[in-house]
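Hydrogens, waters and symmetry mates play no part in the numbers below; they use all other heavy atoms, side chains included. As the structure is a computational prediction, the values presented were derived from the model and not from experiment. We number each residue from 1, following the sequence as shown.
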Amino acid sequence: MTEKTPHPAAIDDAVFLGRAVERLSVLIAEQSKTVFDTMGIVIPVRSCSLMTVLATLGTASASDLARELGHSHQLVMQKIPKLLRLGLIQHRNDDNDARRRVFMPTDEGLSQLAKFGQCTVLIRAAYAGLFAEVGDVRQFVDRATDALHAKPLDKRIDSPG
């Protein structure tokens, strides 16, 4: 008697939930970029939250930004060079720790954030229409995230044996 090897899951299977959410994230970023281009916004779509937090704080280290955003220090540091090149942020050494850099928005960065602020009204309205069509995806994602924090995936799997 031979035991059959289970077939791998099809890529649209729930097993690949992370892939489906990532596909949605990429699609949103691509379509947001089109809107940004139309409105003259040069802030990279995936850096808007970082720019918003930095403007709120005024000045912040990469560690401060990572903590506020709930991201890794590494992810924040991957975004910083492009924001510097675009002239949206600047940095200086920390007066108390020469090894630490402190970032702050430039005048151009603040101007871009003002444009982004105007754009958020339009995007929020577009999402309201989308959510009326498919349900509030944001609430669903937040609830799923909270549930996985409360009970991680590995605790949701019955151990074989």
Measuring from K115:NZ to F36:CZ, what's the distance to the nearest 0.5 Å? 12.0 Å
Between CD on residue E68 and OG on residue S63, distance to nearest 0.5 Å: 12.0 Å
Same apolar cluster: V45 and V141, side chain cutoff 4.5 Å: yes
Quick one: pull up CD in Q78 and CD1 in I80 and give me the separation to the nearest 0.5 Å. 11.0 Å
Going only through I, L, V, M, F, W and Y residues with side-chain contacts under 4.5 Å, is there a path from L83 to M77? yes
Output yes when a side-chain donor or acceptor of T106 lies under 3.5 Å from a complementary backbone atom of G87, and no otherwise. yes
Is the backbone of P44 close enough, under 3.5 Å, to the side chain of K79 for a donor and an acceptor to pair up by distance? no
Can you tell me which residue among L65, T56, I89 is in a side chain to side chain contact (heavy atoms under 4.5 Å, CB included) with M51? I89
Between the CD1 atom in I41 and the OG atom in S111, the distance rounded to the nearest 0.5 Å is 10.0 Å
side-chain contact (heavy atoms from CB on, under 4.5 Å), that's the test. Do I28 and Y127 meet it? Break it down for me. CA-CA 11 Å; I28 289 169; Y127 281 148; 3.0 Å; yes
Kindly say whether C48 contributes a backbone atom to a donor-acceptor pair with the side chain of T52 at under 3.5 angstrom? yes
Point-to-point distance, once rounded to the nearest 0.5 Å, from NE2 of H91 to CZ of R100: 14.0 Å
Linked, directly or transitively: L75 and L57 (ILVMFWY side chains, under 4.5 Å): no
Grouping ILVMFWY residues whenever side-chain heavy atoms fall under 4.5 Å, the cluster of L27 otherwise contains none
Can any side-chain N or O of S47 pair as donor or acceptor with the backbone N or O of I43 at less than 3.5 Å? no
Can a side-chain donor-acceptor contact be found between R92 and T59 if the only test is distance below 3.5 angstrom? no
Does the side chain of F116 reach to within under 4.5 Å of the side chain of M39, using non-hydrogen atoms? no
The criterion is salt bridge (charged side-chain N to carboxylate O under 4.0 Å, His left out); which residues satisfy it with R67, sequence neighbours excluded? D64
In this structure, CG of L54 is separated from CE of M104 (nearest 0.5 Å) by 8.0 Å
ring-ring contact (aromatic ring centres under 6.0 Å, His included) with F140: which residues, sequence neighbours excluded? none
Tell me if a side-chain donor or acceptor on Q112 pairs with a main-chain N or O of D107 at a distance below 3.5 Å. no
